[in-house]
J.: 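Mind looking over this structure? Questions follow.
Source: prediction; values computed, not measured. First the proteins, then the strands, lettered A, B, ... as listed; each starts at 1.
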Protein chains: 2
Amino acid sequence: MPRSMRHDISISTVRRLSAYYRALRELRGEGIAVASSQLLAERSGVTPAQLRKDLSCFGHFGTRGRGYDLDSLTHELRSILGLDRRWRVGLIGAGNVGSALFSYAPFREQGFDVVAIYDVDPAKIGQVWDGVRIAAIDELRPGAGRVEPLDIAVLAVPAAAAQEVSDLVVAAGVRAILNFAPRKISVPDTVALRTVDMAIELEALSFALRFLAGR
Amino acid sequence: MPRSMRHDISISTVRRLSAYYRALRELRGEGIAVASSQLLAERSGVTPAQLRKDLSCFGHFGTRGRGYDLDSLTHELRSILGLDRRWRVGLIGAGNVGSALFSYAPFREQGFDVVAIYDVDPAKIGQVWDGVRIAAIDELRPGAGRVEPLDIAVLAVPAAAAQEVSDLVVAAGVRAILNFAPRKISVPDTVALRTVDMAIELEALSFALRFLAGR
DNA sequence: TAGATTGTTAATCGATTAACAATC
DNA sequence: TAGATTGTTAATCGATTAACAATC
């Protein structure tokens, strides 16, 4: 993987890499060993040119006249996406959303281990979920409890608390945040942030329905 | 709202409209009645030019030299986004994710009512959640039970079932789908589809961490 | 009127697509 | 070798940004 090329990779490209990775494993599960960009792209919902262009940001993984060896490309993508190791995830918020995320199996299967859970509710603090004790959110503060740092914080807190909790996890040294709170949060540009906002997606559907209905 | 202009509205624009709508209500909550594109944009995380351009797709909502009246713009955005009415939502899948979505308050507050729940698990079928009886998924089939159509189907099913269930809800006349299953699904282009894919978001963070770490 | 700020056009930027030489 | 398909360059497309005339 040419290190020099890793600079201007767009988030769109990265998200498509995830899609390719998934398609790859699907095809492999069907017993296919080698596939063209045409077939891979079809399964991923993109054009073959798009797929080749995306992959070319990271190296030369195919064989002209033949296509891509699925096992080898899977291995490359695992490495590029950082799925060849395990990540330490802290779940902040043990409410409905937090609980669903905690028991979400694909999470763990991809290498993401929830090793810590935090909440503010005294009724929740001290509970043990599948071996993980729910801690008071104050234990995130510098100097408090935790020694091994978290790689990723998953924010499943109310919108009103999102920015404050985000500041807290950033101060605790977390470098990546997945935010489920329906609120825009600001982080330093050394911290990676992704937001999953169900309200926005629903509103996009609502908009589309109104538009479709008007035709 | 110029009807002729509603054709080529990009999904990016629509998602930003949701952000503006949220920022608007936030500012209004702070007692502010009129705001410039500058202030609104700042709160929404975009440039003022972007905000004005987005709004201009739908009409002229501001006053030159003055800015935007927040109440009036809120009203316009509510109408554009279809939030001035209620939508009938069917939840497909009553597992962990489905259960969290069902109890997710912002859902209802924005006008989305879960009026039906479907599952395949005999242990789940017949349960009543907050007044809604969980039905067998077969009741979605044409000719079966339901009379009033659903506006939106929320898919909270395993990846392996996603396409099949999607086909089923489309056949049942649903025009908008919010898919939480980590799988690409295909729908006719008369159906609006949004996907929330936590695996992709986590993998984007994992990619970013590897990159940040490599600097 | 003078100052402020919109709505919109034109310029820029970036991402996608098409085409094809390289090559297995 | 002939056929197939990659990797990459150039062309296209669309989205964002900058600038400014219109105007409150």
J.: Just list the side-chain donor-acceptor pairs under 3.5 Å for residues 149-163 of chain B, sequence neighbours left out, or say none.
T.:
| from | atom 1 | to | atom 2 | distance (Å) |
| --- | --- | --- | --- | --- |
| B/D151 | OD2 | B/R88 | N | 2.7 |
| B/Q163 | OE1 | B/S186 | N | 2.8 |
| B/Q163 | NE2 | B/D167 | OD1 | 2.8 |
| B/Q163 | NE2 | B/S186 | O | 3.1 |

J.: Determine to 10° how strongly the helix from C/dG3-D/dC24 to C/dC24-D/dG3 is bent, judged from the axes of its five-pair ends.
T.: 10°

J.: Rounded to the Å, how far apart are B/D69 CG and C/dT5 P?
T.: 15 Å

J.: Side chains of A/L73 and A/L70: closer than 4.5 Å at any heavy-atom pair?
T.: no

J.: Quick one: does B/L17's side chain get under 4.5 Å of B/L81's, heavy atoms only?
T.: yes

J.: Side chains of A/P182 and B/R22: does their closest heavy-atom pair fall under 4.5 Å?
T.: yes

J.: If you define the side chain from C-beta out and look only at heavy atoms, does anything of B/Y118 sit under 4.5 Å from B/L91?
T.: no

J.: Could B/R210 and A/D84 be called an ion pair, given the rule that one side-chain N must be under 4.0 Å from one carboxylate O?
T.: yes

J.: Under 4.0 Å from OP1 or OP2 of D/dT23: is there any side-chain N or O of B/H60 that close?
T.: no

J.: Write down the distance between CZ (A/R66) and C1' (D/dT6), rounded to a whole number of angstrom.
T.: 13 Å

J.: Please report, rounded to the nearest Å, how far the P atom of C/dT6 is from the CG atom of B/L73.
T.: 11 Å

J.: Check whether any side-chain nitrogen or oxygen of A/S37 sits under 4.0 Å from OP1 or OP2 of D/dT6, and answer yes or no.
T.: yes

J.: Looking at A/R78 and B/E203, does any basic side-chain N land under 4.0 Å from a carboxylate oxygen?
T.: no

J.: Counting primed atoms plus P, OP1 and OP2 as sugar-phosphate and everything else as base, spell out the protein contacts along nucleotides 11-20 of chain D at 4.0 Å heavy-atom distance: B, S or - for each nucleotide, 5' to 3'.
T.: ----SSBBB-

J.: Is the shortest side-chain N to carboxylate O distance from B/R15 to A/E201 below 4.0 Å?
T.: yes

J.: Calculate the interatomic distance between B/Q38 atom CD and C/dG7 atom C1'; express it in whole Å.
T.: 16 Å

J.: Quickly work out the A/R64 CZ to C/dC24 P distance and round it to whole Å.
T.: 7 Å

J.: Is the distance from OP1 or OP2 of C/dG7 to the nearest side-chain N or O of B/Y68 less than 4.0 Å?
T.: yes

J.: Drop me the distance from A/R108's CZ to A/D113's CG, to the nearest 0.5 angstrom.
T.: 5.5 Å

J.: Whole Å only: how far is the CZ atom of A/F61 from the C1' atom of C/dT23?
T.: 18 Å

J.: Take atom CG of A/L55 and atom C1' of D/dT8, then tell me their distance rounded to the nearest Å.
T.: 13 Å

